[in-house]
Amino acid sequence: MADSTKTAKLTIDGKDYELPIHSPTAGPDVIDIRKLYAQAGVFTYDPGFTSTASCDSTITYIDGGKGELLHRGYPIDQLAEKSHYLEVCYLLLYGELPSPAQLEDFESRVTNHTMIHEQMMYLFRGYRRDAHPMAIMVGVVGALSAFYHDSTDISDPWQREVASIRMIAKLPTIAAMAYKYSIGQPFVYPRNDLDYASNFLRMCFAVPAADYEVNPILSRAMDRIFTLHADHEQNASTSTVRLASSSGANPFACIAAGIACLWGPAHGGANQACLEMLQEIGTPDRIPEYIARAKDKDDPFRLMGFGHRVYKNFDPRAKVMKQSADEVLDLLGVEDNPTLQVAKELEKAALADPYFTDKKLFPNVDFYSGIILEAMGFPTSMFTPIFALSRTVGWISQWKEMISDPQLKIGRPRQLYHGETLRDYVDIENR
Ligand code: ACO
């Protein structure tokens, strides 16, 4: 962290404290309060981290006001249009776009790790058939640490690298197996002559009884979904991965923690919740009823796929996703898909309503992704696992950055305690 020249002054009970201010390459200045407790004996209070920078990072930058998302400086719309997922993975992990030779080497390293230990098949069979694939993902990804002992020592850079490549390579295999298991079909082994997205589609939709041709337009759309979800700076699941790894936990366990956090409907589970909501609405004439419910303070219902902690303008990923939805549905000949019609009308109605515009609630990435995935043939329960496999590279890049930081400390927030103060234990017969 560069030395700061600016400072902030904090006065507590008439005493002044000077706090350094760090100026980032982009984004607001950050007041450094690390020494505040030692110097002034006070904590700061910021549940939900709405004003707290939890780390110093060089990976991803979001300007929520402008609706801008940059990976290592490159805007997401350029990456979604001109690049592809594995190249974006390289960029996130190593900081620069690869040369042709570097990309070839990286793709071959990922491709060589797509299979999982054969013994892991038995783990899947231990789950109920109706288990949610995210429940399987949390367990199986955590269990990778029981199978790949040679890449769990986080103090060894070589082991960190191998663990990273293994997870990027194996997550699609695990997600596809979770799906196949849930529908009672045999697992389909990865094919290393296919690109990352085509291989995933084949592992999900091929059966041994028939040939399976991957449609290049669907494969491109799948790759774009992976790319759009690859990283998103210090969101809840990424912060979970960072917090878990701050204790020195092994990388597979940390990514499993990230998957658990992603599952929630306020985060990665929103794509499933959004499609289910659009299907429940069913026809455009019911939109006003749902808009009214979303605005009603006494109704806990929220418009899924709307709003974002950071974006107070259009989520730049939603724009690309909307365009992809049109392309995919057009290709599949379902451009009059009723769910897409409801989505488009709902977006229009919400953006014309001051409740949403005043609160700066715009469609987020999840608003259109579910429509594409459903049209491709995925059940809603697979939406969040697909998000998880796409985000794995972001979690790993942030984890690697954190582990290599010489200032690494275990994450240990403080609290504002409002409970009972010291009191004596009361015997049960006297209560
Ligand atoms: N529908 C209706 N009202 C909403 C919505 C919504 N989707 N989102 C926020 N609001 C309202 C809140 O009720 C609140 O109103 P108030 O100020 O009158 O109390 C105000 O907007 C601010 O909302 P907060 O919950 O304080 O905003 P926060 O930044 O904490 O939440 C979140 C962001 C969780 C994403 C929220 O907008 C939400 O629940 N959206 C729906 C779920 C969703 O789509 N999540 C996906 C996020 S993207 C991702 O994880 C990939």
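None of the values given here were measured: they were computed from a predicted structure. Just so you know, ligand 1 is whichever comes first in the structure, and atom 1 is the first atom listed for that ligand. Side chains included, hydrogens not; waters and symmetry mates left out as well; all remaining heavy atoms used.
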Exercise. Pick, from His308, Lys360, Met277, His229, the option with the minimum heavy-atom distance to atom 48 (S) of ligand 1.
Key: His308
Quiz prompt | Nearest-contact summary for atom 50 (O) of ligand 1 - protein heavy atom, Å | solution = His267 ND1, 3.0 Å
Quiz item: Hey, are Glu401 and Arg242 close enough for a salt bridge, meaning a charged N less than 4.0 Å from a carboxylate O?
Solution: yes
Exercise. Let me see the working for Phe306 and Phe362 under ring pair (Phe, Tyr, Trp, His ring centres under 6.0 Å), right down to the final yes or no.
Key: CA-CA 5 Å; Phe306 256 80; Phe362 295 95; 8.0 Å; no
Quiz item: Do Phe205 and Val188 touch side chain to side chain, with heavy atoms closer than 4.5 Å?
Solution: no
Quiz item: Is Arg109 salt-bridged to Glu161, going by a charged N under 4.0 Å from an acidic O?
Solution: yes
Self-check item: Ion pair Lys344/Glu347, N-O distance below 4.0 Å
Solution: no
Self-check item: Per-residue contact class, Phe387 against ligand 1 - non-hydrogen pairs under 4.0 Å
Solution: side chain
Quiz item: Does NZ or CZ of Arg414 come closer than 6.0 Å to the centre of the six-membered ring of Tyr37, within 45° of the ring's axis?
Solution: yes
Exercise. Report the part of Leu361 in contact with ligand 1, treating N, CA, C, O as backbone and CB onward as side chain, heavy atoms under 4.0 Å; options are side chain, backbone, both, neither.
Key: side chain
Quiz item: What is the nearest protein non-hydrogen atom to atom 30 (O) of ligand 1, stated with its residue, atom name and distance?
Solution: Arg309 NH2, 3.0 Å
Practice problem: Report yes or no: does a heavy atom of Tyr355 sit under 4.0 Å from some atom of ligand 1? | Solution: yes
Quiz item: Does Arg293 make a cation-pi contact with Phe301, if we ask for NZ or CZ under 6.0 Å from the ring centre and within 45° of the axis?
Solution: yes
Quiz item: Ala270 heavy atoms, cut-off 4.0 Å: which ligand 1 atoms fall inside?
Solution: 43 (C), 44 (O), 45 (N), 46 (C)
Self-check item: Option whose closest heavy atom lies nearest to atom 42 (C) of ligand 1, chosen from Met304, Arg302, Arg293
Solution: Met304
Practice problem: Assess Lys295 for proximity to ligand 1: is some non-hydrogen atom of it under 4.0 Å away? | Solution: no
Quiz item: Between the candidates Gly48, Gly305, Ser237, Ala294, which shows the shortest non-hydrogen contact distance to atom 2 (C) of ligand 1?
Solution: Ala294
Quiz item: Is the shortest distance from a heavy atom of Phe301 to ligand 1 less than 4.0 Å?
Solution: no
Quiz prompt | Tyr311 and His232: CA distance, side-chain angles, deciding distance, ring pair (Phe, Tyr, Trp, His ring centres under 6.0 Å) verdict | solution = CA-CA 11 Å; Tyr311 293 119; His232 212 228; 5.3 Å; yes
Quiz item: What closest approach, in Å, do Thr114 and Asn192 show between heavy atoms, and which atom pair accounts for it?
Solution: OG1-OD1, 2.8 Å
Exercise. Indicate yes or no: does Glu81 engage Arg224 in a salt bridge with an N to O separation below 4.0 Å.
Key: no
Quiz item: Under a 4.0 Å N-O cut-off, is there an ion pair linking Lys6 with Asp29?
Solution: yes
Exercise. List the closest protein heavy-atom neighbour of atom 41 (C) of ligand 1: residue, atom name, distance to the nearest 0.1 Å.
Key: Phe306 O, 3.5 Å
Quiz item: Should Asp326 and Lys322 count as an ion pair when the cut-off is N to O under 4.0 Å?
Solution: no
Exercise. Would you indicate which of Leu262, Leu303, Val365 comes nearest to atom 7 (N) of ligand 1 when only heavy atoms are counted?
Key: Leu303
Self-check item: For Lys359, atoms of ligand 1 separated by under 4.0 Å from a heavy atom
Solution: 11 (C), 15 (O), 16 (P), 17 (O), 18 (O), 20 (C), 21 (O)
Quiz item: With a 4.0 Å cut-off, strictly under, does atom 35 (C) of ligand 1 pick up any protein heavy atom?
Solution: yes
Quiz item: Which atoms of ligand 1 sit under 4.0 Å from any heavy atom of Lys297?
Solution: 15 (O), 16 (P), 18 (O), 19 (O)
Quiz prompt | Is_contact(atom 26 (O) of ligand 1), protein non-hydrogen, under 4.0 Å | solution = no
Quiz item: What do we get for Asp366 next to ligand 1 when only non-hydrogen atoms under 4.0 Å count, side chain, backbone, both or neither?
Solution: side chain
Quiz item: Does Asn364, backbone or side chain, put an N or O under 3.5 Å from an N or O of ligand 1?
Solution: yes
